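Here the structure is a predicted model, which means the values were calculated and not measured.
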Amino acid sequence: MTRLDTSPGHDGGSSRPIDIPYDEQVHWVRAVLGELTDYAYKVVSDSGRFRVRPVFFVVFVQGDGRPALAPSDFEWLLVSGGRRAYPEKIIPRDPELLRYLRYNGDLVAASSILHPDAAAPAAWAQQFVSALTSAMADELGRLGRDQSFTVEEVSLHGIDRVVVRYIWHLIAGDKYYGFDIDLAGVREQRLSALDDPRASTAGFRFGALPFDQPIFQSERVVNGRHWIDFPT
């Protein structure tokens, strides 16, 4: 992050703040950041609405040192302060990057960015199913001779969908349930709500869920089976 300090006392001794023109700001940023400036954003905030304040430019750098575009869910107020803030992308000199921005925009959808500690989608799906089936087997083992549940199916479809079918044996009669799990949606939900990238914790949660005897607020019934779509 680069800060251009235009506050009082930074104009050669004068106490009067300086409002540097935008083009000059970018020239100073290029002098400091070099080629990284192509990926820089100026953070515009209401904190500088009524008086000249320091200006912030931000570049996102990956673990291997390569620059990256900003994620769509980044909280720009963390940089500038104030009540409202938004980014203004510096126009890059790299023609390929400029072409990409014209067609795709200057932010990357947060849902498409893997957590640094998360497995790749294919591995995440396998880990999720393994944890889910282990949790179900553990819960069934705890029930012992109490045959309250029958698990009919746990299946992985591609790398982004898991289907679970089970029967809940009640005194009033059997109740048939199904889970239709969108793995990409579950992964994104757990990252945003819990900052937890692990497939194992997500899988264990779903594996134990039927045995908690939950009441679902939203479900669809197909051929007598109650289906619940996740994430809800």
Side-chain angles (χ1 to χ4, degrees), residues 1-7 10 17-125 158-161 182-199 231:
M1 180 172 69
T2 297
R3 163 178 160 158
L4 295 181
D5 201 339
T6 59
S7 56
H10 290 269
I18 303 173
D19 190 2
I20 301 176
Y22 176 76
D23 288 345
E24 186 176 344
Q25 293 176 17
V26 174
H27 285 312
W28 278 108
V29 172
R30 288 198 179 277
V32 174
L33 298 179
E35 294 181 356
L36 291 176
T37 306
D38 276 359
Y39 285 82
Y41 298 81
K42 178 181 178 180
V43 183
V44 181
S45 168
D46 60 359
S47 64
R49 183 177 180 183
F50 299 109
R51 61 190 178 117
V52 178
R53 298 291 300 273
V55 178
F56 292 91
F57 289 83
V58 176
V59 175
F60 293 82
V61 181
Q62 303 179 69
D64 58 5
R66 291 182 297 127
L69 295 174
S72 59
D73 63 349
F74 184 74
E75 296 289 344
W76 297 97
L77 284 175
L78 296 175
V79 177
S80 64
R83 292 178 299 176
R84 291 181 297 275
Y86 62 90
E88 284 186 353
K89 182 73 187 69
I90 289 181
I91 298 176
R93 291 177 176 174
D94 182 350
E96 291 188 8
L97 177 58
L98 181 59
R99 189 179 305 110
Y100 175 89
L101 296 178
R102 286 172 175 168
Y103 285 100
N104 301 283
D106 55 16
L107 298 175
V108 178
S111 59
S112 67
I113 303 174
L114 282 179
H115 190 286
D117 297 325
W124 202 94
I159 62 172
D160 56 9
R161 180 170 175 254
D182 171 18
L183 293 183
V186 168
R187 187 166 59 244
E188 180 182 354
Q189 186 181 68
R190 292 185 65 82
L191 280 173
S192 60
L194 305 172
D195 194 32
D196 185 356
R198 295 171 296 174

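Contact check for Tyr22 versus Ile90: side-chain heavy atoms found under the 4.5 Å cut-off. In this structure, the side chains of Leu107 and Phe74 stay at 4.5 Å or more apart for every pair of heavy atoms.
Salt-bridge check for Arg99 with Asp94: failed, with every basic side-chain N at 4.0 Å or more from each acidic carboxylate O.
For CD of Glu35, the number of neighbouring non-hydrogen atoms (other residues, nucleotides, ligands) closer than 6.0 Å is 12 at most. With a 6.0 Å radius and a threshold of 12 heavy atoms from other residues, nucleotides or ligands, Glu96 has its CD atom at or below the threshold. Ile91 CD1: 12 or fewer foreign heavy atoms inside a 6.0 Å radius.
Closest non-hydrogen pair, Lys42 versus Val55, comes out as CE-CG1, 3.5 Å. Shortest non-hydrogen contact noted between Val186 and Pro231 is N-CD, 3.9 Å. Residue Gln62 comes nearest to Pro67 through the heavy atom pair NE2-O, 3.6 Å, listed as atom of the first residue, atom of the second, then distance. Asp106 and Lys89 get closest at one heavy-atom pair: OD2-CB, 3.3 Å. The shortest heavy-atom contact between Asp38 and Arg30 is OD1-NH2, 3.2 Å.
Within the model, atoms CG of Asp196 and CD of Gln189 stand 12.0 Å from one another, a figure rounded to the nearest 0.5 Å. Rounding to the nearest 0.5 angstrom, the gap separating the CG atom in Leu33 from the CZ atom in Phe57 is 9.5 Å. Within the model, atoms NE2 of His27 and OG1 of Thr37 stand 11.5 Å from one another, a figure rounded to the nearest 0.5 Å. With rounding to the nearest 0.5 Å, the separation of CZ in Arg83 from CG in Asp46 is 5.5 Å. The line from CZ of Phe60 to CG of Leu69 is 9.5 Å long, rounded to the nearest 0.5 Å. With rounding to the nearest 0.5 Å, the separation of CH2 in Trp76 from OH in Tyr41 is 6.0 Å.
Residues passing the salt bridge (charged side-chain N to carboxylate O under 4.0 Å, His left out) test with Arg93: none are found, sequence neighbours excluded.
The one candidate from Asp160, Leu183, Ile159 that meets the side chain to side chain contact (heavy atoms under 4.5 Å, CB included) condition with Trp124 is Leu183.
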